[in-house]
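In what follows, a structure is listed as structure tokens, so that the remarks can point back to it.
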Amino acid sequence: MKLIVNDREYEVDADPEMPLVWALRDLVGLTGTKFGCGAAQCGACTVHVDGQPIRSCVTPVSAVAGQKVVTIEGLTGKVAEAVTKAWTALDVPQCGYCQSGQVMAAVALLTATPKPSDADIDAAMDGNLCRCATYQRIRAGIHQASQTLEG
Ligand code: FES
Ligand code: FES
């Protein structure tokens, strides 16, 4: 089946029920998307499909055939740049395992809501767990990125 990932087309020989995260990692070779819980509970596997954040561990690859999938490797644009800059400036990641999912969720939030309140951030990021508990820095990073976008 045809997958469109980061604006490139891939023909993948996948069982239609294969979770997208494995198709991305094992068939397309993009390993920035991480596998955590496998049950839509942690957000480590977050990618964008047609601009919306989704859990790739519970999304069958057949469900996104022909749609535009963006992974951490393919994030571009001013929101992504602002988030990346803020993450670097504030040293947001600790072990890093959850962070591609955090960044994907943060970019989706700021794209939809350029000036999010703490409540907006809590609501949007609630399902993205961090075992290193970097939550305060993630929140600060989103606010800093928001200010960059404003200014
Ligand atoms: S690995 Fe997909 S939500 Fe945890
Ligand atoms: S930075 Fe380690 S799990 Fe989030």
Do the side chains of [X] and [Y] join up, straight or via other hydrophobic residues, at under 4.5 Å, putting them in one cluster?
X	Y	result
V21	V5	yes
V47	V70	no
W22	V64	yes
V69	I72	no

Is [Y] close to [X] at the side-chain level, that is, under 4.5 Å between some pair of heavy atoms?
X	Y	result
W87	I138	yes
K78	L149	yes
Q67	I4	no
K2	V12	no
P114	E150	no
V83	L75	no
M125	I142	yes

- Item | Residue D50 excluded, over 12 heavy atoms near CG under 6.0 Å | yes
- Message: Take a 6.0 Å sphere around CG of D118 and say whether it holds more than 12 heavy atoms from other residues, nucleotides or ligands.
- Response: yes
- Message: Using the rule side-chain contact (heavy atoms from CB on, under 4.5 Å), only one of L109, L110, T113 pairs with S146; which is it?
- Response: L110
Nearest 0.5 Å, please: how far is [atom2] in [Y] from [atom1] in [X]?
X	Y	atom1	atom2	answer
I54	T59	CD1	OG1	3.5 Å
Y10	R8	OH	CZ	3.5 Å
N6	H48	CG	NE2	11.0 Å
L3	E11	CG	CD	8.5 Å
C57	Q41	SG	CD	9.0 Å
T33	R25	OG1	CZ	8.0 Å

- Message: Determine whether C45 and K34 satisfy the following criterion, side-chain contact (heavy atoms from CB on, under 4.5 Å), listing intermediate values before the conclusion.
- Response: CA-CA 5 Å; C45 66; K34 302 302 183 199; over 6 Å; no
- Query: T46 and R55: side-chain donor and acceptor closer than 3.5 Å?
  - Reply: yes
Can you name the nearest heavy-atom pair linking [X] to [Y], along with the distance?
X	Y	result
V107	A80	CG2-CA, 3.9 Å
G141	A86	O-CB, 3.4 Å
A65	M1	CB-SD, 4.3 Å
V61	D15	CG1-O, 3.4 Å
A44	S100	O-OG, 4.1 Å
L27	M18	CD1-SD, 3.8 Å

Is the backbone of [Y] close enough, under 3.5 Å, to the side chain of [X] for a donor and an acceptor to pair up by distance?
X	Y	result
Y97	F35	yes
D120	S117	yes
N128	A105	no

- Pick one: which of Q102, Q94, R139, Q99 meets side chain to side chain donor-acceptor pair (under 3.5 Å) with T134? Q99
- Could you list who else is in Y135's hydrophobic cluster, with ILVMFWY side chains joined at under 4.5 Å, directly or through other members? L129
- For side-chain contact (heavy atoms from CB on, under 4.5 Å), just list the numbers for K68 and V49, CA-CA rounded to whole Å, side-chain angles, deciding distance to a tenth of an Å, and then say yes or no. CA-CA 6 Å; K68 280 178 181 267; V49 174; over 6 Å; no
